[in-house]
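Owing to the predicted nature of the structure, the values given are computational and were not obtained by experimental measurement.
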Amino acid sequence: MSASVKVMRSYDYCHFEVCLGSDENLTLLQIDEMRKDAMHLVDKAVRQYQIAKEDRNFHSIDHSSELEDLKNKVKVINENFPKSEWTPEQKAVIKRYEDLTWRLNHEYDYGDDWEF
């Protein structure tokens, strides 16, 4: 039997829809697998939407004062403490600074290499 499947999901006032079909003679198990593939694609679209929305919100906020504060703290840590003696709090400050500078300099990648 030939088949088509449609999966639609509403999230955050957006609608994500995937339609798959086949003219081949399919078993019910193959049709069910096609349905699962469609659902995985819809879930992937929602995940990408969530990440892109979070990234857009992040870039709309001015992080300059936090970045400057972290930069000064990192400078003090690097000048006064060898890396082998950093406390967990100092490591966290440096990690936050590195994460913030990376995120401010990169746009969201839709991650099409993701597996579902």
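Taking CD from E17 and CG from L41, the interatomic distance works out to 12.5 Å, rounded to the nearest 0.5 Å. Atom CE of M1 sits about 7.5 Å away from atom CG of N25, to the nearest 0.5 Å. Distance check, rounded to the nearest 0.5 Å: CG of L20 to CE of M34 gives 6.5 Å. The distance from the CG atom of L70 to the OG1 atom of T101 is 9.5 Å, given to the nearest 0.5 Å.
Taking S2 as the reference, nothing meets the side-chain contact (heavy atoms from CB on, under 4.5 Å) condition, with sequence neighbours excluded. With sequence neighbours excluded, no residue forms a side-chain hydrogen bond (donor to acceptor under 3.5 Å, both in side chains) with K83. Residues satisfying the salt bridge (charged side-chain N to carboxylate O under 4.0 Å, His left out) criterion with D32, sequence neighbours excluded, are R35, K36. Not counting sequence neighbours, the partners of P82 by the side-chain contact (heavy atoms from CB on, under 4.5 Å) test are S84, E85. In terms of the side-chain hydrogen bond (donor to acceptor under 3.5 Å, both in side chains) criterion, residue partners of S64 (sequence neighbours excluded) are, by chain and number, D62. Taking K73 as the reference, D69 meet the side-chain hydrogen bond (donor to acceptor under 3.5 Å, both in side chains) condition, with sequence neighbours excluded. Residues satisfying the side-chain hydrogen bond (donor to acceptor under 3.5 Å, both in side chains) criterion with E66, sequence neighbours excluded, are R96. Annotation: ring pair (Phe, Tyr, Trp, His ring centres under 6.0 Å) contacts of F16 (sequence neighbours excluded): Y49.
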Go through it in stages, so that I can follow the logic: the residues are K44 and Q48, the test is side-chain contact (heavy atoms from CB on, under 4.5 Å), and I'd like the CA-CA distance, side-chain angles, deciding distance and then a yes or no.
CA-CA 6 Å; K44 180 180 177 182; Q48 289 177 340; 3.5 Å; yes

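In this structure a side-chain-to-backbone donor-acceptor pair under 3.5 Å is present from Q30 to T27.
The hydrophobic cluster containing M39 also contains L28, counting ILVMFWY residues as joined when their side-chain heavy atoms lie under 4.5 angstrom apart, directly or transitively. When the side chains of ILVMFWY residues are joined at heavy-atom separations under 4.5 Å, either directly or via intervening members, V76 and I94 end up in two distinct hydrophobic clusters.
Applying the salt bridge (Lys or Arg N to Asp or Glu O under 4.0 Å) test to pairs two or more places apart or on separate chains, none has a residue in residues 20-31.
Contact annotation: the side chain of K95 approaches that of D99 to within less than 4.5 Å [non-hydrogen atoms, C-beta and beyond].
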Show me, pair by pair, the donor-acceptor contacts under 3.5 angstrom made by side chains of residues 4-11, not counting sequence neighbours?
| unit_1 | atom_1 | unit_2 | atom_2 | d |
| --- | --- | --- | --- | --- |
| R9 | NH1 | D43 | OD1 | 3.0 |
| S10 | OG | H15 | ND1 | 2.6 |
| Y11 | OH | Q50 | NE2 | 3.0 |

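K91 and W86 make their closest contact through CE-O, 3.7 Å (heavy atoms, listed as atom of the first residue, atom of the second, distance).
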